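All chains are named by letter (A, B, ...) in the order of the sequence lines, taking the proteins before the strands, and each is independently numbered beginning at 1. Every value quoted in this text rests on a predicted model; they were computed, and no experiment measured them.
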2 protein chains.
Amino acid sequence: MSDARSPLAPATLPDLPEIAGVVRRVARARYKAWDRCDLTYVELAPGTAVAGVTTQSKCPSPEVEWCRRALVLGRARALVVNAGNSNAFTGNRGREAVEAIAARTAAHLGCDPSDVFVASTGVIGVPLPIDKAEAGLDAAYVAEPCSWVAAAETIMTTDTFAKVATTSAIVDGRRVELVGIVKGSGMIAPDMATMLGFVFTDAAVTPEFLQSALSAANAKTFSCITVDSDTSTSDTVLAFATGQAGNAPIESDDSDGADAFVAALADLCMQLAHLVVRDGEGAQKLIEVTVESAESDRSAHRIAMSIANSPLVKTAIAGEDANWGRVVMAVGKAGEPAERDRLAIRFGTTQVAEGGLAVTGYDETPVAEHLKGREIEIGVDLGLGEGRATVWTCDLTHGYISINADYRS
Amino acid sequence: MSDARSPLAPATLPDLPEIAGVVRRVARARYKAWDRCDLTYVELAPGTAVAGVTTQSKCPSPEVEWCRRALVLGRARALVVNAGNSNAFTGNRGREAVEAIAARTAAHLGCDPSDVFVASTGVIGVPLPIDKAEAGLDAAYVAEPCSWVAAAETIMTTDTFAKVATTSAIVDGRRVELVGIVKGSGMIAPDMATMLGFVFTDAAVTPEFLQSALSAANAKTFSCITVDSDTSTSDTVLAFATGQAGNAPIESDDSDGADAFVAALADLCMQLAHLVVRDGEGAQKLIEVTVESAESDRSAHRIAMSIANSPLVKTAIAGEDANWGRVVMAVGKAGEPAERDRLAIRFGTTQVAEGGLAVTGYDETPVAEHLKGREIEIGVDLGLGEGRATVWTCDLTHGYISINADYRS
């Protein structure tokens with residue numbers, strides 16, 4: 001946890017409802033030399049369905065491998081999250097740590113180890129100390145239940161503020177609640193982030209439908225944010241549905257309230273994804289990049305990500321410099337279909353270039369004004385087809401360098 | 001030109017031979033509000049062969065389009081380089097500027113406009129002012145010939161030192177000389193850089209063979225460097241062979257001295273490429289990344305570039321932090337075949353991880369010592385096949401942010 005709260009942090013926290021069947025507890029495992037809670041333990045009612053999406057890294061952590069196997073079964077009784085040590089790239093010792101955590105929690109709850117989901121975040125390459133994990137778990141099992149915000153704070157690493165979100169939906173005549181917590185905040189890249197996100201709902205949903213809804217939400221939210229183009233070995237988003245709301249289970253798109261649930265889950269993931277970008281390491285500005293009229297949505301997404309990942313675009317925004325030439329550069333380097341002489345670019349609502357050159361009588365004043373703000377919009381129209389995508393990133397500042405040039409020390 | 005010379009700049013300049021058939025002149029076109037030479041004019045003897053490689057950007061500058069067309073003919077009489085304005089993304093006005101420069105120079109020399117090669121570097125989106133270009137050319141035509149170093153200085157933008165290199169080869173019993181000049185120093189990425197490089201030789205070489213030799217050299221040199229993963233709209237490397245050395249023209253691999261010439265050209269391009277990285281914006285350390293035992297050379301190259309482009313790896317090196325976990329992360333995100341539990345990583349000559357975890361009894365002391373130096377080596381062994389690649393980059397520092405957050409102002 002950093003002392004300096006991101007200037008992009010929300011001013012207030014939302015009111016967060018309880019989710020029937022979800023109990024949170026936190027403890028001090030002391031994975032690092034710090035005096036803060038760093039182990040989160042969430043107990044889930046029997047019958048809880050689970051779905052998840054994980055990193056596309058070819059070198060995933062043992063936690064990710066564990067979750068992937070457990071997700072096949074579709075049920076969950078507990079979630080354990082460790083902060084301060086990612087346990088990634090630690091060979092057999094890392095695997096043993098995950099197995100020990102799952103076994104101990106399974107014994108505590110009287111469930112199968114595959115009902116226990118584990119996620120860890122922090123330094124790579126140091127095996128998670130099993131003795132500290134077990135002592136932390138034992139403390140957590142007997143701790144008082146805590147708030148959502150306390151859990152969100154406990155999963156933080158370099159995050160500067162706790163990230164929580166909520167929404168609700170009417171399903172089968174009943175109100176179902178959704179609450180999510182997430183942590184960032186560097187190594188955030190396409191196809192997931194250095195990010196752990198956990199979504200809880202009391203809706204009754206089959207694991208299969210929950211998975212399809214989460215995958216769809218992920219594609220438009222978590223997979224559309226980037227801080228630094230780096231992809232973590234540990235990225236994980238899990239959704240847990242306790243089924244305590246009493247609705248008839250959502251099984252397919254035809255189920256009563258399926259549309260409303262899918263929309264609510266997507267909304268919640270979008271809130272969480274934006275919170276991650278708002279806490280991007282060193283972020284001073286939130287940048288929304290929209291690419292329109294591309295050959296396809298996929299092509300639009302790639303071009304938008306090329307812009308959002310460009311160090312030269314991100315430093316220009318940091319400098320409040322209306323350097324739209326760098327946007328052209330980033331479009332050009334994406335390798336996707338683009339025709340220079342059809343390209344149009346806007347900052348905020350001001351068109352700066354179209355038809356391959358600066359607009360006639362271009363006045364930089366409104367653009368400069370827009371760039372002084374906290375929320376920056378870059379729009380690109382390729383003039384080719386119907387493809388469209390929006391992604392979010394933050395600027396690249398001295399703060400990012402300071403945080404990352406000295407993270408382990 | 002920056003006041004602060006890169007700490008990675010060579011201590012001394014090499015002695016540079018004259019190349020028969022090449023005469024350099026520089027002038028003040030005043031493309032920006034500065035008092036320095038910013039127009040370089042190189043006259044080439046009749047019969048000069050030319051080859052080139054240009055940016056892979058989908059939005060290339062009109063200069064790049066001009067050069068691509070002219071390269072088909074394989075002959076050159078002049079090179080004009082403008083610094084301070086890239087003329088990219090300027091529509092018809094940009095095209096007209098290039099045509100005007102070529103036409104005026106062709107009239108001056110009595111040659112065809114397609115014999116005139118033009119390159120420009122600097123801000124994107126501002127049409128190159130034709131009146132300034134023409135006045136600058138007129139001044140250059142009558143200026144005194146200048147040194148290689150003066151020409152190398154005149155093509156600079158944010159470069160902090162002039163970049164020149166030389167080598168020679170014995171071809172057909174005669175010594176042929178090669179001299180190159182190059183400029184960087186941001187927007188340097190795979191498949192070329194924000195980079196203009198010009199190579200001159202007195203060897204007699206057919207345009208076709210010169211092209212094949214330059215393309216081969218480029219693949220192992222300029223395409224293996226990256227500063228910030230950004231790709232310019234204007235990247236251009238041109239090689240000019242005046243044929244004045246008197247050797248029997250090199251036409252194929254079987255020609256006398258072909259091997260020696262190919263090797264010399266590759267050596268020269270490697271020297272120039274390294275100079276570009278040594279002047280990467282904000283660079284404090286030169287980083288060499290070698291990936292071995294990949295499934296293929298291409299796969300090795302992609303993984304090496306993923307490491308070299310990772311902001312988290314580059315900031316760790318800036319912080320002299322032996323954070324090899326970030327190397328694992330960058331291997332994982334490359335999307336290329338990799339098996340976590342076969343991966344071995346070294347910094348300098350010290351193995352830090354193998355078989356999926358830190359080496360037994362890992363002592364960080366020699367690694368910390370290595371990281372204090374100016375030249376850092378990262379080695380990755382994937383344990384999969386025979387593929388191999390080496391690429392070069394620099395660290396990511398506060399200097400990069402300072403330069404790029406306020407470039408246009």
Side-chain angles (χ1 to χ4, degrees), chain A residues 55-60 86 88-91 93-94 123-125 127 186-187 189 228-233 309-312 315-316 318-319 321 323-326 328-338 340-341 343 353 355-358 396-398 400-402 404-409, chain B residues 55-60 86 88-91 93-94 123-125 127 186-187 189 228-233 309-312 315-316 318-319 321 323-326 328-338 340-341 343 353 355-358 396-398 400-402 404-409:
Chain A
T55 182
Q56 300 211 354
S57 171
K58 300 285 183 182
C59 299
S86 79
F89 208 60
T90 53
R93 290 175 60 196
V123 169
I124 295 176
M187 219 187 277
D228 55 13
S229 80
D230 276 337
T231 303
S232 164
T233 53
N309 278 324
S310 161
L312 288 171
T315 48
D321 176 2
N323 194 328
W324 56 272
R326 294 185 184 177
V328 178
M329 176 280 299
V331 172
K333 80 165 179 167
E336 291 293 317
R340 187 187 61 203
D341 295 346
L343 208 52
L357 68 172
L396 175 57
T397 68
H398 287 291
Y400 181 85
I401 307 292
S402 297
N404 286 299
D406 202 29
Y407 174 53
R408 285 204 323 175
S409 311
Chain B
T55 182
Q56 300 211 354
S57 171
K58 299 285 181 180
C59 300
S86 78
F89 207 62
T90 52
R93 289 175 61 196
V123 170
I124 295 176
M187 218 188 278
D228 55 12
S229 80
D230 278 337
T231 303
S232 165
T233 53
N309 277 325
S310 162
L312 287 171
T315 48
D321 176 2
N323 194 327
W324 56 272
R326 294 184 183 176
V328 178
M329 176 282 298
V331 172
K333 80 164 180 169
E336 291 294 317
R340 188 188 59 203
D341 296 346
L343 207 53
L357 68 173
L396 175 58
T397 69
H398 286 290
Y400 181 84
I401 307 293
S402 297
N404 285 300
D406 203 29
Y407 175 53
R408 284 205 322 175
S409 311

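Ranking Gly335(A), Ala318(A), Ala316(A) against chain B, the residue ahead of the rest is Gly335(A), based on heavy-atom pairs under 4.5 Å. Most heavy-atom pairs under 4.5 Å with chain B, from the set Leu396(A), Val328(A), Thr90(A), Val331(A): that is Val328(A).
Taken to the nearest 0.5 Å, the CG atom of Asn309(A) stands 10.5 Å off from the CG atom of Asn309(B).
The side-chain contact (heavy atoms from CB on, under 4.5 Å) with Phe89(A) is formed by just one residue from the set Leu343(B), Leu357(B), Asp341(B); it is Leu343(B).
When heavy atoms are compared at a cutoff of 4.5 Å, Thr397(A) approaches chain B solely by way of its backbone atoms N, CA, C and O.
Residues Gly125(B) and Ala358(A) share a closest heavy-atom pair of O-CB, 4.5 Å.
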